[in-house]
Enquirer: 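Take this structure first; my questions come after.
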Amino acid sequence: MQYWLVKSEPFKYSWEQFVKDKKTTWDGVRNYTARNNLRAMEKGDQVFFYHSNEGLEIVGIAEVAKTAYQDPTTEDTNWVVVDLKPLKKLPNAVSLATLKADPFFAEMALIKLSRLSVGPVTEVEYKRIIEMSKKPA
DNA sequence: GCCAACGTTGGC
DNA sequence: GCCAACGTTGGC
């Protein structure tokens with residue numbers, strides 16, 4: 001089991017919309033590092049859903065429903081997509097400010113590589129974020 | 001709206 | 001293959 005984090009601007013595609021859709025194809029990734037992360041995903045991996053630009057917080061958890069395949073929005077075989085389905089909403093969203101305030105997360109991909117749209121989350125980071133989400137910020 | 005960080009591109 | 005210039009992303 002691996003853990004990941006994907007970012008989406010709520011204007012473009014929000015968690016609420018994702019829940020309504022019950023499933024989504026994570027397309028539009030045009031960055032090699034992010035692409036490599038998509039390729040490394042396995043079915044059943046858990047994926048934090050983060051709202052960038054507005055909200056700036058981890059709002060829920062998704063699950064990988066289908067591993068990487070050719071991005072249907074382009075002919076270019078360099079790019080892939082995965083299918084995700086919503087697993088559950090966090091009881092309390094965990095904000096970027098909260099994570100930044102804790103040195104424990106200093107090495108997290110989300111903090112260090114702020115521009116990366118699909119990044120890894122370690123198991124310890126994952127567990128700690130789950131714990132934090134159980135209490136109001 | 002600005003700016004910093006980073007990735008990509010293209011000239012040499 | 002290096003490096004400067006440029007574009008894009010995302011936090012503030």
Side-chain angles (χ1 to χ4, degrees):
Chain A
M1 169 77 76
Q2 301 169 102
Y3 305 95
W4 309 94
L5 181 143
V6 296
K7 291 193 210 176
S8 181
E9 302 186 20
F11 287 119
K12 200 175 147 204
Y13 195 76
S14 68
W15 171 261
E16 288 73 21
Q17 185 63 44
F18 182 34
V19 170
K20 206 180 292 175
D21 292 346
K22 300 206 170 55
K23 177 187 158 172
T24 195
T25 297
W26 207 260
D27 61 18
V29 171
R30 294 293 182 269
N31 170 288
Y32 287 99
T33 308
R35 192 279 311 269
N36 292 342
N37 289 328
L38 286 182
R39 281 194 192 279
M41 287 185 188
E42 290 170 19
K43 195 172 177 182
D45 281 358
Q46 304 207 344
V47 185
F48 281 134
F49 194 106
Y50 173 84
H51 279 172
S52 66
N53 264 305
E54 186 193 280
L56 306 184
E57 56 193 12
I58 298 169
V59 289
I61 306 170
E63 181 181 320
V64 177
K66 189 175 181 185
T67 53
Y69 58 98
Q70 169 68 37
D71 187 336
T73 66
T74 177
E75 294 293 308
D76 190 337
T77 54
N78 277 320
W79 307 117
V80 299
V81 297
V82 295
D83 285 350
L84 300 178
K85 63 180 181 187
L87 197 60
K88 61 183 171 188
K89 186 175 183 168
L90 293 180
N92 296 285
V94 177
S95 73
L96 179 65
T98 306
L99 297 177
K100 277 191 159 177
D102 189 338
F104 183 84
F105 294 106
E107 296 300 311
M108 192 179 175
L110 176 67
I111 308 292
K112 280 190 103 173
L113 301 170
S114 64
R115 291 185 51 210
L116 188 62
S117 57
V118 180
V121 176
T122 66
E123 188 175 355
V124 283
E125 287 163 353
Y126 178 86
K127 286 180 175 167
R128 184 134 169 179
I129 289 167
I130 295 295
E131 281 306 308
M132 290 167 85
S133 73
K134 289 176 182 170
K135 314 172 201 163

Enquirer: Using a strict 4.0 Å threshold on nitrogen-to-oxygen distance, state whether A:E123 and A:K127 make a salt bridge.
Expert: yes
Enquirer: Carefully, step by step, assess A:N92 and A:S133 under the rule side-chain hydrogen bond (donor to acceptor under 3.5 Å, both in side chains).
Expert: CA-CA 5 Å; A:N92 296 285; A:S133 73; over 6 Å; no
Enquirer: In whole angstrom, what separates A:E57's CD from C:dG11's P?
Expert: 12 Å
Enquirer: Nearest whole Å is fine: how far is B:dT8 P from A:D76 CG?
Expert: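 Taking CG of A:D76 and P of B:dT8, I get 13 Å after rounding.
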Enquirer: Rounded to the nearest Å, what distance is computed from the NZ atom of residue A:K12 to the P atom of nucleotide C:dT8?
Expert: 14 Å
Enquirer: Parallel, tilted or perpendicular for A:W79 and A:Y32, by the 30°/60° rule?
Expert: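 Rings of A:W79 and A:Y32: tilted, 30 to 60°.
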Enquirer: Should the pair A:Y13 and A:F49 be assigned to parallel (<30°), tilted (30 to 60°) or perpendicular (>60°) ring geometry?
Expert: tilted
Enquirer: Is there a side-chain contact between A:Y32 and the phosphate of B:dC6, meaning an N or O under 4.0 Å from OP1 or OP2?
Expert: no
Enquirer: Does A:L113 reach a base, just sugar-phosphate, or nothing at all? Heavy atoms under 4.0 Å.
Expert: nothing
Enquirer: Between C:dG10 atom C1' and A:L116 atom CG, what is the distance in whole Å?
Expert: 12 Å
Enquirer: For A:K112 and C:dG10, is the shortest distance between a side-chain N/O and OP1 or OP2 below 4.0 Å?
Expert: no
Enquirer: Without decimals, in angstroms, what is the distance between A:N78 CG and B:dT8 P?
Expert: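 Atom CG in A:N78 sits about 11 Å away from atom P in B:dT8.
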Enquirer: Quick check: on DNA chain B, is the nucleotide nearest A:R30 upstream (toward 5') of the one nearest A:N53, or the reverse? Name the residue that is more 5'.
Expert: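 It is A:N53, whose closest nucleotide lies nearer the 5' terminus.
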Enquirer: Output the rounded distance in Å from CG (A:L110) to C1' (B:dA5).
Expert: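 That distance rounds to 14 Å.
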Enquirer: Measure NE2/A:H51 against C1'/C:dG11 and give the value in whole Å, please.
Expert: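 To the nearest whole Å, that distance equals 16 Å.
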Enquirer: Measure NZ/A:K100 against C1'/C:dG11 and give the value in whole Å, please.
Expert: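 Going from NZ in A:K100 over to C1' in C:dG11 covers 6 Å.
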